[in-house]
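Scroll down for the structure; my scribbles are underneath it.
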Amino acid sequence: MMNSAPETALASATDTQRPPRQYLPESFSVTDWASLEPYFVELRDRNIGSAHELERWLLDRSELESVLSEDLAWRYIRMTCDTQDAKRADSFQYFVSEIEPNVAPYDHALNEKMVESEFLPGLDQQRYRIFVRSVRQALEIYRPENIPLKTEISTKQQQYAATVGAMTVLLDGEEITLPRASDRLKSPDRAVREEAYRAVQQRRLQDAKPLDQLFDELVELRHQVARNADFPNFRDYMFAALGRFDYTPEDCFAFHRAIRETVVPLLDDIDLERRQDLGLPELRPWDLDVDVTGKAPLRPFETGEELLEKTITVFQRLDPYLGDCLKTMRQMGHLDLESRKGKAPGGYNYPLDETGVPFIFMNATSSLRDVITMLHEGGHAVHSFLTRSLPLSADKHPPSEVAELASMSMELISMDQWDLFFPDADELRRAKKTHLESVLETFPWVATIDKFQHWIYENPAHSTEQRHAQWTKTFDEFNQRTVSWKGLEGYKPYLWQKQLHLYEVPFYYIEYAMAQLGAIAVWRNFRLNPEQGLDAYKRALALGYTAPIGEIYAAAGIRFDFSTAYLRTLADFVREEMAKL
């Protein structure tokens with residue numbers, strides 16, 4: 001029986017075989033709803049006569065959920081690897097439109113069966129407290145009339161990836177993706193930077209109206225979902241849906257203010273130093289990524305394979321277990337790293353619940369940013385490995401405040417190993433300084449996106465013009481306050497459209513700032529004692545979602561705290577570390 005706390009011993013990082021199934025046939029695969037439904041019916045109708053049988057039922061349900069989750073994952077992965085392949089898009093869409101809507105009512109019925117069971121009190125209450133809490137929350141917000149609306153939302157969200165994934169620009173006679181074009185913003189030649197910046201913004205502007213229309217439709221649908229579930233707005237609905245038990249919208253607003261008071265002035269100072277170092281009368285948006293000494297952009301690798309090989313070695317140096325995680329992913333072909341036309345934007349680590357070996361997707365173009373992305377997604381991957389042996393599927397999916405702690409901490413605790421990418425001491429210093437600046441820049445950008453989202457869904461009937469004005473106002477509050485936008489005013493109202501979270505995963509963003517604070521604290525502990533700091537990091541991640549956020553952070557030796565005082569302390573620590581470089 002699962003009547004004790006989950007083991008925090010390391011799950012295997014080298015096993016490429018999925019565990020044997022206990023409920024579904026080994027040969028079973030998801031093809032259509034008709035083949036799936038009998039298993040849901042059996043779980044719904046099964047007689048449960050003891051706490052032991054309830055636990056067995058939970059395991060069987062979890063296995064079915066893991067198989068379904070992994071099948072959807074592969075459909076999504078294949079679609080994002082090639083957004084122009086109609087068959088891949090159709091395969092994903094089939095699951096969204098034909099499988100998920102049929103699963104939802106059964107999922108609700110199984111939740112009811114669990115919470116109404118007379119044997120639920122007989123389970124270990126400490127062990128199941130988080131899972132039961134989440135199930136009760138799901139029951140409270142479930143409405144059958146939202147099932148077709150969520151299907152429609154998922155379909156529309158696909159349009160964003162397809163639209164942005166098809167964007168290219170012509171520079172020097174070559175058609176290149178926007179990530180590759182953006183690499184030119186690091187060129188010492190200011191004219192090259194300006195040309196690339198204007199080309200990217202002009203290309204985005206071509207699809208601005210369709211993307212505005214798409215967003216209008218998403219806002220309307222999301223608001224209806226919230227109203228159906230008896231919430232005044234989609235923001236309040238999402239706080240419930242995301243299981244935000246540990247903080248409120250008012251806490252987010254206080255965090256925004258703390259960021260404005262503590263981090264924004266630090267970045268204003270950094271930008272003023274940048275303008276002076278570059279010898280410019282004014283900074284322009286294309287002057288923010290170039291090396292101030294006029295050196296060429298850092299090129300830490302040439303190919304995706306080189307990026308992977310060096311990252312494996314970085315992880316191996318930190319802890320052989322970490323390196324084994326990436327080696328296993330390489331062996332299984334669970335990586336797609338290089339940017340190319342038709343590939344969806346962004347990067348992600350997609351957990352594969354049944355196999356336990358995740359998939360990393362990104363758009364590498366040989367930049368420092370790509371190294372950070374690889375380390376970031378690698379941190380997520382390690383998290384997946386550390387939780388792969390937890391009994392329930394739900395145990396393996398902590399909230400984003402914890403998931404992003406895994407990834408952002410890895411960016412920082414790996415820095416002492418970056419000589420693999422930058423053997424030249426000066427380049428290594430540049431890389432570290434650039435990244436620490438970006439760590440500070442995380443806070444105002446997150447505050448911008450999060451504050452914007454609150455306004456959007458508090459005012460769901462807003463016009464496109466009002467949205468553009470609100471975005472510009474919010475952007476100017478937190479970002480580039482010493483930068484001149486003269487002559488570029490037409491681009492600024494649309495900058496939010498590059499943030500895929502607004503389209504695909506609404507309200508998943510404030511967690512980045514919360515986790516960034518936690519990551520700085522993890523790094524500070526690691527600097528004091530590397531062995532203890534790394535052990536605490538892994539111990540916390542291995543808990544998965546079997547404890548509240550605060551307890552997971554405490555296991556890592558840090559606080560779940562985003563007060564002004566705590567933010568100032570950790571931001572000052574970053575500035576002190578930058579001064580040492």
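No experiment lies behind these values; they were computed from the predicted model shown.
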| Does the side chain of E63 reach to within under 4.5 Å of the side chain of L24, using non-hydrogen atoms? | yes

| Shortest non-hydrogen contact between L123 and A51, atoms and distance | CD2-O, 3.7 Å

| Where do G346 and N363 come nearest, in terms of heavy atoms and distance? | O-ND2, 2.9 Å

| task | List the steps and the verdict of salt bridge (Lys or Arg N to Asp or Glu O under 4.0 Å) for R467 and D216. | result | CA-CA 10 Å; R467 181 163 68 234; D216 286 339; 2.8 Å; yes

| task | Decide whether Q224 and N228 meet the rule of one side-chain donor and one side-chain acceptor closer than 3.5 Å. | result | yes

| task | Using the six-membered ring wherever Trp is involved, compare the ring planes of F507 and F239 and label them parallel, tilted or perpendicular (cut-offs 30° and 60°). | result | perpendicular

| Pairwise side-chain contact, C252 with H454, heavy-atom cut-off 4.5 Å (strictly under) | yes

| query | side-chain contact (heavy atoms from CB on, under 4.5 Å) between Y39 and Y23: does it pass, once the steps are laid out? | reply | CA-CA 9 Å; Y39 297 102; Y23 180 53; 4.1 Å; yes

| Should the pair E220-K156 be classified as a salt bridge under the 4.0 Å nitrogen-to-oxygen rule? | no

| remark: Between Y76 and the options F361, Y348, F359, F95, the ring-ring contact (aromatic ring centres under 6.0 Å, His included) test singles out Y348

| task | Please round to the nearest 0.5 Å and tell me the distance separating atom CG of L36 and atom CG of L68. | result | 5.0 Å

| task | May I ask you to check whether Q466 and Q470 show a side-chain donor-acceptor distance below 3.5 Å? | result | no

| Y128 versus E55, side-chain donor and acceptor atoms under 3.5 Å | yes

| Should I510 and Q453 count as side-chain neighbours, where that means a heavy-atom distance under 4.5 Å? | no

| Does a side-chain N-to-carboxylate-O contact under 4.0 Å join D353 and R388? | no

| Do Y553 and E401 have side-chain N/O donor and acceptor atoms under 3.5 Å apart? | no

| task | Decide ring pair (Phe, Tyr, Trp, His ring centres under 6.0 Å) for W496 and F215; before the verdict, give the C-alpha distance in whole Å, the side-chain angles of both, and the deciding distance to 0.1 Å. | result | CA-CA 11 Å; W496 62 274; F215 198 70; 4.9 Å; yes

| message | More than 12 heavy atoms of other residues, nucleotides or ligands under 6.0 Å from CD of E531: yes or no? | response | no

| note | Here the gap from S69 atom OG to H397 atom NE2, rounded to the nearest 0.5 Å, amounts to 5.0 Å

| request: State the CD1-CG distance between I520 and L567, to the nearest 0.5 angstrom. | output: 8.0 Å

| query | What's the shortest heavy-atom distance between H334 and V357, and which atoms? | reply | ND1-O, 3.1 Å

| Hey, are Y503 and Q158 close enough side-chain-wise for a donor-acceptor pair under 3.5 Å? | no

| Spacing of CG belonging to L149 relative to CG belonging to L221, to within rounding of 0.5 Å | 6.0 Å

| query | So do the side chains of N111 and R136 get within less than 4.5 Å of each other, counting heavy atoms only? | reply | no

| field | Full working for side-chain contact (heavy atoms from CB on, under 4.5 Å) between H108 and R143 | value | CA-CA 9 Å; H108 180 68; R143 299 293 186 278; over 6 Å; no

| field | Parallel, tilted or perpendicular: ring planes of W455 versus F452, cut at 30 and 60 degrees | value | parallel

| Should D60 and R56 count as an ion pair when the cut-off is N to O under 4.0 Å? | yes

| query | Under the salt bridge (Lys or Arg N to Asp or Glu O under 4.0 Å) criterion, do D107 and R61 qualify, and how do the steps go? | reply | CA-CA 10 Å; D107 192 46; R61 178 187 179 184; 2.6 Å; yes

| In terms of side-chain geometry, is the basic nitrogen of R21 or E354 positioned less than 4.0 Å from the acidic oxygen of its partner? | yes

| task | Grab the two heavy atoms, one from C325 and one from A13, that are nearest each other, plus how far apart they are. | result | SG-CB, 3.8 Å

| task | Look up atom CG in D246 and atom CE in M514, then write down how far apart they are to the nearest 0.5 Å. | result | 9.0 Å

| field | Side chain to side chain, F385 and M329, heavy atoms closer than 4.5 Å | value | yes

| message | Side chains of L386 and K538, heavy atoms from C-beta outward: is any pair under 4.5 Å? | response | yes

| said: Distance check, rounded to the nearest 0.5 Å: R127 atom CZ versus R129 atom CZ? | reply: 10.5 Å

| Pair H376, N349: side-chain N/O donor-acceptor within cut-off below 3.5 Å | no

| task | Report yes if the side chains of K451 and F478 come closer than 4.5 Å at any heavy-atom pair, otherwise no. | result | yes

| Audit row: Y537, N525, side-chain contact (heavy atoms from CB on, under 4.5 Å) steps and yes/no | CA-CA 10 Å; Y537 167 76; N525 289 346; over 6 Å; no

| Do S407 and E404 get their side chains close enough for a donor-acceptor pair, meaning under 3.5 Å? | yes

| task | Can you establish whether the number of heavy atoms outside E42 located under 6.0 Å from its atom CD is more than 12? | result | yes

| query | Is the NZ or CZ atom of R133 both under 6.0 Å from the centre of the six-membered ring of F245 and within 45° of that ring's axis? | reply | yes

| said: Between N146 and R227, do the side chains contain a donor N or O and an acceptor N or O under 3.5 Å apart? | reply: no

| field | Side-chain H-bond candidate by donor/acceptor type, D324 with T14, under 3.5 Å | value | no

| request: If the plane angle is over 60° it's perpendicular, under 30° parallel, otherwise tilted; pick one for Y508 and Y512. | output: parallel

| Closest heavy-atom contact between T474 and T448? | CG2-O, 3.6 Å

| said: For a quick test of reading the model, state the closest non-hydrogen atom pair linking K113 to D45 and the distance between them. | reply: NZ-C, 4.2 Å

| Between Q499 and W445, a side-chain donor and acceptor under 3.5 Å | yes

| query | Can a donor-acceptor pair be found between the side chains of N233 and H223 at a distance below 3.5 Å? | reply | no

| message | If we count only N and O atoms by modelled type, under 3.5 Å, do the side chains of T355 and E70 hold a donor and an acceptor together? | response | yes

| Ring centres under 6.0 angstrom apart (H501, Y509) | yes

| task | Specify whether F40 and Y106 have parallel, tilted or perpendicular ring planes, treating 30° as the upper limit for parallel and 60° as the lower limit for perpendicular. | result | tilted

| said: Assess whether a salt bridge exists between D71 and R75, defined as any Lys/Arg side-chain N lying under 4.0 Å from an Asp/Glu carboxylate O. | reply: yes

| Option passing ring-ring contact (aromatic ring centres under 6.0 Å, His included) with Y457 (candidates F234, F231, Y237) | F234

| query | Regarding Y160 and Q497, is there a side-chain donor-to-acceptor distance under 3.5 Å anywhere? | reply | no

| query | Are F560 and F562 near enough that their ring centres are under 6.0 Å apart? | reply | yes

| field | Under 3.5 Å side-chain donor-acceptor pair for T155 and Q93 | value | yes

| Do K396 and Y545 come close enough that some side-chain heavy atom pair is under 4.5 Å? | no

| message | Working note: T546 + D395, criterion side-chain contact (heavy atoms from CB on, under 4.5 Å); need CA distance, chi angles, decisive distance, verdict. | response | CA-CA 6 Å; T546 62; D395 295 340; 3.9 Å; yes

| message | Looking only at side-chain N and O atoms, does R559 offer a donor or acceptor that is under 3.5 Å from a partner on Y566? | response | no

